[in-house]
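Here is the structure we will look at, set down as structure tokens.
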Amino acid sequence: MLKPEIESLIKSIACDFMKIDIVKSTSPNKLNPTDVNQHVPLSETYVGPGATATIHEIASVAGKADVDNFLTTCKNFFIESILQIQSRFDLDDPVHEIVQCLLPSNAAALKPRSLRSICQKLPYLKDTIDLNKLDMEWRQHALEPKAKPELHWDEYWLNIRDTTTPTGEAKYPLLMAFVSILASLPFSNVSVERIFSQLKLVKTDQRNYLKSTSLVSLLQAKMRMKNEHLTAASLRVHKGMLELAAKMKSYATDEETKELRKELLSKLS
């Protein structure tokens, strides 16, 4: 679902300063925005209706060099935008084809007929899921009245997840495990970069001696506060946590840290 939007975004930006025939005939991931031979003349660079109107109004007052400098700055911004998008999204990655089976239109029509070929491409699936049972659930799920191809992706699979047997058990456990794994495949390196950004905020130069266990705990606490919309002012700290903090030492070994955490968990339980 994301791939066509990213491709459309790249082409849309490229149309602002590159030759339209090049943009139409080249894959978005193969476009080279730095190739000046593929650019339109600087005066034809599109910077939006508002900016274009303003340029026409001030052209008689401002010098051509000023206008060209402005257009060059805009074009450089377009070029950098495309390069940044291309570096973050690998549009040629085979994973885009692999996950196509999860689209409601494909899943409801049993495309592909068997998931075995997909599992073969992902060794983790091949080694952890019974492929015969997975195929059986895949084929059976398409017969469910709730398996409607016009549904949104998440609504479709939530319906299948909530389908139960007469005894109340999940009817398609392996299929939902398969869906969950494919849905968690990273489509860019943005999430990884975000984690490193969070890490730099926690492990500053002044806190360079933090143990790995302490670092992980701080990151987990930070993410939980963010997910539950908590602030430092509204956070209620358990007495046991305060006692643990009082015993912590910056030079504690990993073993000492583990023992202190065990002590805290035993008190909380």
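Below, all heavy atoms of this structure are taken into account, side chains as well, without hydrogens, waters or symmetry copies.
- In this structure the side chain of T45 reaches within 4.5 angstrom of the side chain of L42, judged on heavy atoms.
- Taking 4.0 Å as the cut-off between side-chain N and carboxylate O, K171 and E144 count as a salt-bridged pair.
- Nearest heavy-atom pair, A183 versus L102, reported as atom, atom and distance to 0.1 Å: N-CD1, 4.2 Å.
- Here the CD1 atom belonging to I13 is positioned 4.0 Å from the CD1 atom belonging to I85, to the nearest 0.5 angstrom.
- Note that the CG atom of D162 and the NZ atom of K146 stand 6.5 Å from one another [nearest 0.5 Å].
- One hydrophobic cluster, built from ILVMFWY side chains closer than 4.5 Å, cannot hold both I20 and L31; they sit in different ones.
- Distance check, rounded to the nearest 0.5 Å: CD of E169 to OG1 of T164 gives 9.5 Å.
- One side chain, Q84 or R88, offers a donor N or O that lies under 3.5 Å from an acceptor on the other.
- One distance of note links CE of M18 with CG of N37; it measures 10.5 Å at 0.5 Å rounding.
- Ring pair H152/W157: centre-to-centre distance not below 6.0 Å.
- Put simply, the side chain of S8 never gets that close to the backbone of P4: no donor and acceptor are under 3.5 Å apart.
- Between the side chains of N29 and S27, no donor-acceptor pair is found at a separation under 3.5 Å.
- Here the CG atom belonging to D16 is positioned 7.5 Å from the OH atom belonging to Y46, to the nearest 0.5 angstrom.
- Using a distance-only test at 3.5 Å, with no hydrogens or angles considered, no donor-acceptor pair links the side chain of W138 to the main chain of K133.
- When every heavy atom of K3 is checked against every heavy atom of E97, the shortest pair comes out as NZ-OE2, 4.3 Å.
- Of all heavy-atom pairs between P33 and H39, the closest is O-NE2, 2.6 Å.
- Rounding to the nearest 0.5 Å gives a distance of 10.5 Å between CD of E137 and CG of L115.
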